[in-house]
Structure formats: structure tokens, C-alpha cells
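If you read the sequence from its start, that first residue is 1, and numbering goes on from there.
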Amino acid sequence: MKATVFGIGLLMASVGAYGAEGSVIGNVGPDVHTNEVTYSVNGESYTGFLARDTKAEGNRPGILLVHEWWGQTEYVRQRAEELAALGYVAMAVDMYGGGKTAEHPDDAGAFSKAVMSDWSAAEANLRAATDILKTEGGVDPDRVAAIGYCFGGGVVLNAALDGMPFKAVVSFHGSPGQVVQTPTHFDGRVLIQNGLDDELVNQEDLAALLETYKSVDTDVTLIQYPGAKHAFTNPYVDAKAEKFGLPLAYSPAADAASWQVMLNLFNKVFSSSAGRPSS
């Protein structure tokens with residue numbers, strides 16, 4: 001098992017170019033467009049959310065995003081738009097069907113448990129969504145990665161255990177629970193990013209997951225951020241934590257650092273082909 005440490009920094013997107021006297025001479029920033037796409041798997045309807053920069057030229061890498069246990073909320077859609085602004089074509093997948101979301105943690109827990117208790121159905125959904133992303137205009141089908149948050153992190157980690165054809169999977173404060181019964185080698189890179197103060201991620205389960213990846217010769221990196229709690233990437237989570245008494249908290253520092261580490265990894269795994277977006 002290979003351990004890698006990535007550099008950390010901040011990104012700024014240019015939105016305009018200015019002349020010598022400060023006059024705007026052209027809009028050079030991204031033009032992100034979004035749309036929903038409905039697809040069916042085994043008779044169940046799902047709603048994906050696609051985001052792309054219409055100014056980007058050539059075939060670009062595609063990124064599949066898997067939502068938190070709250071469902072495909074505005075938060076994960078905003079993440080898709082952020083990736084699109086950087087030149088990727090991004091698709092937020094719908095794991096619950098019909099775009100269903102949860103307001104209460106009891107419902108969120110029930111929805112996510114139902115998905116993870118039937119991995120074959122979850123895998124079929126992921127593969128269908130990935131196929132849609134790969135066939136989108138402007139997407140390089142050989143350069144696709146998957147990322148996930150909380151519940152979604154657990155989904156993409158199991159997708160790697162299942163050997164799905166991604167260049168990388170990235171988990172943000174994801175569940176380390178293994179539901180794939182027969183793990184196989186994953187050809188891409190696995191990046192797990194958690195908070196050291198996360199009360200919802202069992203460290204023994206996490207260690208067991210790392211050993212599983214090692215046993216199937218999969219390249220995995222674990223980064224844990226000091227002081228960060230569960231859901232540290234979500235700026236809206238503090239309200240949920242207060243309302244329901246959950247051990248969740250947003251961490252701007254860990255959010256920024258983990259996002260940059262992900263982008264650094266994407267640059268590595270996509271750099272073998274021409275036309276990757278610059279960051």
C-alpha cells in the first residue's frame with residue numbers, strides 16, 4: 001500500500017480580464033450550464049444533475065459525485081458546479097430514486113441503509129450513471145473519477161472494492177463500512193479524507209478497510225485532518241447539527257485543504273491524456 005502526501009493550496013477562478021486603466025476587456029471565466037437527466041434502472045427512476053462549462057473545448061474528464069445521506073441536495077449540486085467551473089464535466093448521481101431527499105436524520109439513515117443493504121442495485125445505479133456521464137458530449141470516457149461525501153463516500157469506497165472503472169475515487173468523511181462481499185483489485189487511486197475528531201467514523205473499521213485495499217493491491221491514501229469533525233466539507237451542516245444534536249461541524253480549513261488535495265490527485269491521474277483542465 002503506497003502512501004502519498006499532496007500539497008495544499010487555494011484556487012481562484014478568473015472572471016474577467018482588465019485593461020491598463022481597469023476597464024473590462026472580456027469575460028474569460030467559465031460559463032457553467034446545468035441540467036437534469038432522468039434515467040431508469042431495473043424499473044426505478046433516478047434524476048442526475050449535470051454541470052459543464054460550455055466554453056471548455058475538447059474532451060474533458062468526467063466526475064461522478066455521490067451525495068450525503070441527506071440525498072441529492074443543493075450542496076452536492078453546488079459541488080458539481082464548482083468542478084464544472086474548473087473544466088470538468090460533473091454529474092451528481094441520485095442514489096435514492098426520484099431525486100428523493102431527507103430532512104430528518106432518521107429518514108436519511110433509513111434511505112442510506114436501504115441502498116447499502118442491496119449493493120447489486122446500488123452498483124447498477126452507479127454503472128448506469130457512469131455510462132450516462134461517459135456518453136455526454138465533451139467527456140473523455142477513459143478519464144472518469146468518482147467522489148462521495150459521508151454516505152456517498154462509503155458508496156465510492158465500495159465501488160473501488162468492486163473494481164469499477166474509475167481513474168480515482170475520493171471519499172470525504174465517508175463511512176468505511178464494507179458491503180462488497182468479494183473485494184477485487186482497483187486499477188485507479190483511492191483517496192480517503194476524514195477528520196481526526198469525527199465521532200461517526202470508526203477507526204477500527206477504517207483500519208480494516210485499508211487492510212482490505214492492501215490485500216487486493218490497491219493504491220490507497222488516507223489523510224485525517226486535526227480538529228475536523230464529520231461533514232467538515234459542508235458549510236450548511238452546522239444548522240443540522242444544532243437542530244438534531246448531531247456531532248457534525250463545518251471546517252473551512254479542512255474543506256479547502258481536502259478539495260485541493262483532490263484536485264492534485266485528479267491532475268496526476270488524468271495527466272496521461274491530453275486536454276486535462278488546468279487548476
Are Asn125 and Glu44 side-chain neighbours, meaning at least one heavy-atom pair lies under 4.5 Å?
no

Mark yes when over 12 heavy atoms from residues, nucleotides or ligands other than Asn42 sit less than 6.0 Å from its CG; otherwise mark no.
no

CG (Leu209) and CG (Asp205) are apart, to the nearest 0.5 Å, by 9.0 Å

Verify same cluster id: Phe172, Leu196 (apolar side-chain graph, 4.5 Å):
no

Ionic contact status for Arg77 with Glu36, cut-off 4.0 Å
yes

Do Tyr236 and Glu74 pass the side-chain contact (heavy atoms from CB on, under 4.5 Å) test, and can you show the C-alpha distance, the side-chain angles, and the key distance before you say yes or no?
CA-CA 10 Å; Tyr236 309 110; Glu74 284 303 310; over 6 Å; no

Can a donor-acceptor pair be found between the side chains of Gln178 and Thr212 at a distance below 3.5 Å?
yes

Keeping Thr54 on the side-chain end and Asp31 on the backbone end, is there a donor-acceptor pair under 3.5 Å?
yes

Closest heavy-atom pair, Leu83 versus Ala90, reported as atoms and distance to 0.1 Å, is CB-CB, 4.1 Å

For atom CD of Glu103, decide whether the heavy atoms of other residues, nucleotides or ligands shown that lie under 6.0 angstrom number more than 12.
no

In short, ring pair (Phe, Tyr, Trp, His ring centres under 6.0 Å) pairs touching residues 108-131 with sequence neighbours left out are Tyr96-Phe111

Minimal heavy-atom distance between Arg52 and Gly137, with the atoms involved, is NH1-O, 2.7 Å

Please determine whether side-chain contact (heavy atoms from CB on, under 4.5 Å) holds for the pair Phe166 and Leu64, giving the CA-CA distance in whole Å, both sets of side-chain angles, and the decisive distance to 0.1 Å.
CA-CA 10 Å; Phe166 298 115; Leu64 195 73; 4.3 Å; yes

Output the distance between atom CD (Gln203) and atom CG (Asp198), rounded to the nearest 0.5 Å.
8.0 Å

Side-chain touch Val156/Ile147, heavy atoms, less than 4.5 angstrom
no

Sub-4.5 Å side-chain heavy-atom contact between Thr184 and Val216:
no

Between the side chain of Asn158 and the main-chain N/O of Val179, is any donor-acceptor distance below 3.5 Å?
yes

Could you grab the distance from atom CD1 of Ile223 to atom CE of Met262, nearest 0.5 Å is fine?
12.0 Å

Transitive ILVMFWY side-chain link Met164 to Met95, under 4.5 Å
yes

Is a side-chain donor or acceptor of Glu136 paired with a backbone partner of Val89 at a separation under 3.5 angstrom?
no

Leu161 and Tyr213, any side-chain heavy atoms less than 4.5 Å apart
yes

Which of these passes side chain to side chain donor-acceptor pair (under 3.5 Å) with Thr233: Tyr75, Tyr250, Trp259?
Tyr75

Kindly give the heavy-atom pair with the smallest separation between Ala92 and Val76, and that separation in Å.
CB-CG1, 4.2 Å

Which class fits the ring pair Tyr46 and Tyr39: parallel under 30°, tilted 30 to 60°, perpendicular over 60°?
parallel

Salt bridge check: are Arg127 and Glu123 linked by an N-O gap of less than 4.0 Å?
yes

Closest heavy-atom pair and its distance - Leu248, Asp238
O-OD1, 4.2 Å

Heavy-atom donor-acceptor pair, Glu199 side chain to Pro247 backbone, under 3.5 Å:
no

If you define the side chain from C-beta out and look only at heavy atoms, does anything of Leu126 sit under 4.5 Å from Val66?
yes

Linking I/L/V/M/F/W/Y whenever any side-chain heavy atoms sit under 4.5 Å apart, do Ile63 and Val32 land together?
no

Answer yes or no: is there a side-chain heavy-atom contact under 4.5 Å between Thr38 and Ser45?
yes

Using the salt bridge (charged side-chain N to carboxylate O under 4.0 Å, His left out) definition, which of the options Arg189, Lys167, Lys214 pairs with Asp219?
Arg189

When rounded to the nearest 0.5 Å, the distance separating OH of Tyr225 from OG of Ser251 is 10.0 Å

Donor-acceptor pair, Asp94 side chain versus Gly98 backbone, under 3.5 Å?
yes

Side chain proximity check, His230 to Cys150, heavy atoms < 4.5 angstrom:
yes

Evaluation steps, side-chain contact (heavy atoms from CB on, under 4.5 Å), between Leu191 and Phe266:
CA-CA 11 Å; Leu191 173 60; Phe266 286 168; over 6 Å; no

Which pair of heavy atoms, one from Ala160 and one from Val190, lies closest together, and at what distance?
CB-CG2, 3.9 Å

Can Gln224 and Leu206 be said to form a side-chain contact (heavy atoms from CB on, under 4.5 Å), step by step?
CA-CA 11 Å; Gln224 302 205 74; Leu206 184 57; 4.1 Å; yes

Identify the two heavy atoms, one from Gly87 and one from Arg60, that lie closest to each other, and give their separation to 0.1 Å.
O-NE, 3.1 Å

Less than 4.5 Å apart, side chain to side chain, heavy atoms only: is that true for Lys240 and Glu68?
no

Quick check: does any side chain N or O of Thr218 sit under 3.5 Å from a backbone N or O of Phe186, one acting as donor and the other as acceptor?
yes

Using only atom types and a distance under 3.5 Å, with no angle test, would you say the side chain of Lys55 pairs donor to acceptor with the backbone of Gly29?
yes

Check the hydrophobic clustering (I, L, V, M, F, W, Y; side-chain heavy atoms under 4.5 Å; chains of links allowed) and say if Trp70 and Val115 are grouped together.
yes

Single-linkage hydrophobic cluster, 4.5 Å side-chain cutoff, Val139 and Phe49 together:
no

Taken to the nearest 0.5 Å, the spacing of Tyr88 OH from Arg143 CZ works out to 9.0 Å

Nearest-0.5 Å distance, CG of residue Asn35 to CE of residue Met91
9.5 Å

